[in-house]
Q: 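I'd like to ask some things about the structure below.
In what follows, every chain begins at residue 1, and chains take the letters A, B, ... in the order their sequences are listed. Side chains included, hydrogens not; waters and symmetry mates left out as well; all remaining heavy atoms used.
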There are 2 protein chains.
Amino acid sequence: MAERLSPTSYVVLGTIALRGPSTSYDLKRAVGRSIGYFWHFPHAQLYSEPQRLVDLGLLEAETEEGGRRRRTFRLTDTGRDELRAWLAEPTPEHFQMRDIAELKLFFNEVGAPGDVERLAREQVAAHRERIAVYEDMQERYTSLDAVAKRMITLRLGLEMEHAALRFWSSLLDEVSG
Amino acid sequence: MAERLSPTSYVVLGTIALRGPSTSYDLKRAVGRSIGYFWHFPHAQLYSEPQRLVDLGLLEAETEEGGRRRRTFRLTDTGRDELRAWLAEPTPEHFQMRDIAELKLFFNEVGAPGDVERLAREQVAAHRERIAVYEDMQERYTSLDAVAKRMITLRLGLEMEHAALRFWSSLLDEVSG
DNA sequence: ATCCATACAGTCCAGATCGGACGGTATGCG
DNA sequence: CGCATACCGTCCGATCTGGACTGTATGGAT
């Protein structure tokens, strides 16, 4: 049974565990404002995945009768157990990165001479911008306690951004200096 | 035409540009030893993608007659132009990360009290190991000039690993200290 | 009241991707 | 010669993807 579950499944289970019963749209917004920062999600999956989890007995659905037939999903005990088991088990996979800029750098020999410098400039600017956004978020949120707890993951994102910035900056120095 | 190309397409084009004419299996090995470190590839795509690129006129295929019918792919001029154009154009997308450990950290409130500490320990160990592997690679390769050039991307990987290590270490300090 | 614009909520689908199972072919070794 | 083990390639169902599309509420201007 556990074999059938993907990270996506756990995102759904986990979000419902943190926020309580939710509709797909709730999930979409919640994910957008949180995990979405470090893990990309197409919203369509947040509509199909909960149904799968209902079939597996990890969620219960409650259909609302009003004008809009929405379905609210809540955790079953099995679902909560499954989530806890996942949290407790070792994490074998290593993180994966997909970085177009890094790909381009790898193939730079094939391109024109100035390309690396331009690429590096571009990346330095992009990372600086992201860092500013993150820091802004942190400032605005550190006061709210509940949210602050979850900000811990943002710190990792920030570390990553700084690492990338350092890399591209030093590359830029080497290339243009 | 350019719209039909995915990052995968450029990996194939780029690898052939760097290594010369290649079979799918050549690509598989080359990718495994290089880009594979920072960009995951299922091998099946390295068998289907080149054919697509032939259909688009970016590669030429040459079927070998011997016992095994292998197909060797080489760049066409159009293919080289397409690759160069891609290298020269701005890179809009931001890098994406998928990190199971980070997901678990995000949902940690739902789990047991000791989980974060265990997770952090685990990650510290894992990142240390990867760093060792990278550094070993660098040492072995810096002498070979052609390869050394391409090692530049490894430096980014290394920076990322260090960033992650710093993060999990400091988290571990906070949690267990 | 009626109309339009806009945000909100959900569905759908045709590709792209995925990984793993499988089947053939060479190579080495007892 | 026969077997095991790598090497090489194909195939397929299951997922994932993003974007187009439908419909529903809201609210302001007319």
Side-chain angles (χ1 to χ4, degrees), chain A residues 1-13 15 19 21-33 35-36 39-56 61-73 92-94 96-98 100 103, chain B residues 1-13 15 19 21-33 35-36 39-56 58-59 61-73 92-94 96-98 100 103:
Chain A
M1 179 193 291
E3 287 65 51
R4 310 272 67 219
L5 296 185
S6 62
T8 307
S9 313
Y10 291 108
V11 167
V12 170
L13 290 177
T15 304
R19 299 179 22 99
S22 312
T23 67
S24 285
Y25 190 64
D26 293 336
L27 291 175
K28 178 186 165 184
R29 276 179 309 170
V31 165
R33 277 186 279 99
I35 306 157
W39 191 302
H40 171 75
F41 263 89
H43 65 284
Q45 240 171 301
L46 297 175
Y47 285 88
S48 58
E49 187 64 23
Q51 188 50 58
R52 249 171 55 94
L53 296 174
V54 168
D55 296 344
L56 291 171
E62 186 187 323
T63 305
E64 195 181 282
E65 285 309 325
R68 299 211 191 185
R69 277 175 296 103
R70 294 196 207 172
R71 313 225 303 147
T72 302
F73 299 96
E93 309 96 301
H94 184 262
Q96 277 182 23
M97 254 219 328
R98 301 216 140 187
I100 306 276
L103 261 195
Chain B
M1 179 193 289
E3 287 65 49
R4 311 270 68 218
L5 295 185
S6 62
T8 307
S9 314
Y10 292 108
V11 168
V12 169
L13 290 178
T15 304
R19 300 179 20 98
S22 313
T23 67
S24 286
Y25 190 63
D26 292 336
L27 291 175
K28 179 186 166 184
R29 276 178 310 169
V31 164
R33 277 185 278 99
I35 306 158
W39 191 303
H40 170 75
F41 264 89
H43 65 284
Q45 241 172 296
L46 296 175
Y47 286 89
S48 58
E49 187 64 25
Q51 187 50 57
R52 250 171 54 94
L53 296 173
V54 168
D55 296 344
L56 291 171
L58 306 178
L59 291 181
E62 185 187 326
T63 304
E64 195 182 283
E65 284 310 324
R68 299 213 192 185
R69 277 174 296 104
R70 294 197 209 172
R71 312 224 305 146
T72 302
F73 299 96
E93 309 95 304
H94 184 261
Q96 277 182 22
M97 252 219 327
R98 302 218 138 186
I100 305 277
L103 260 196

Q: Just N and O in the side chain of A/His40: are any of them under 4.0 Å from OP1 or OP2 of D/dG18?
A: yes
Q: In terms of side-chain heavy atoms, does B/Gln45 have a donor or acceptor partner in B/Thr8 at a distance below 3.5 Å?
A: yes
Q: Tell me the closest heavy-atom pair linking A/Pro21 and A/Thr72, and the distance in Å.
A: CB-CG2, 3.7 Å
Q: Can you check side-chain contact (heavy atoms from CB on, under 4.5 Å) on B/Trp39 and B/Val11, steps first, answer last?
A: CA-CA 10 Å; B/Trp39 191 303; B/Val11 168; 5.5 Å; no
Q: Can you check the B/Leu27 CG to D/dG9 P distance for me, whole Å?
A: 10 Å
Q: Does C/dG10 have OP1 or OP2 sitting under 4.0 Å from an N or O in the side chain of A/Tyr47?
A: yes
Q: Mind calculating the distance between CG (A/Leu53) and C1' (D/dT15) to the nearest angstrom?
A: 14 Å
Q: Verify side-chain contact (heavy atoms from CB on, under 4.5 Å) between B/Val31 and B/Val12, making sure each step is shown before the conclusion.
A: CA-CA 9 Å; B/Val31 164; B/Val12 169; over 6 Å; no
Q: What does nucleotides 12-17 of chain C look like as a protein-contact string, B for base, S for sugar-phosphate only, - for none, at under 4.0 angstrom between heavy atoms?
A: B---SS
Q: Does A/Asp55 reach the main-chain N or O of A/Arg52 with its side chain, forming a donor-acceptor pair under 3.5 Å?
A: no
Q: How close or far is atom C1' of D/dG18 from atom CG of A/Leu46, stated in whole angstroms?
A: 13 Å
Q: Return the minimal non-hydrogen interatomic distance between A/Leu46 and A/Lys28, and the atom names on each side.
A: CD1-CA, 3.5 Å
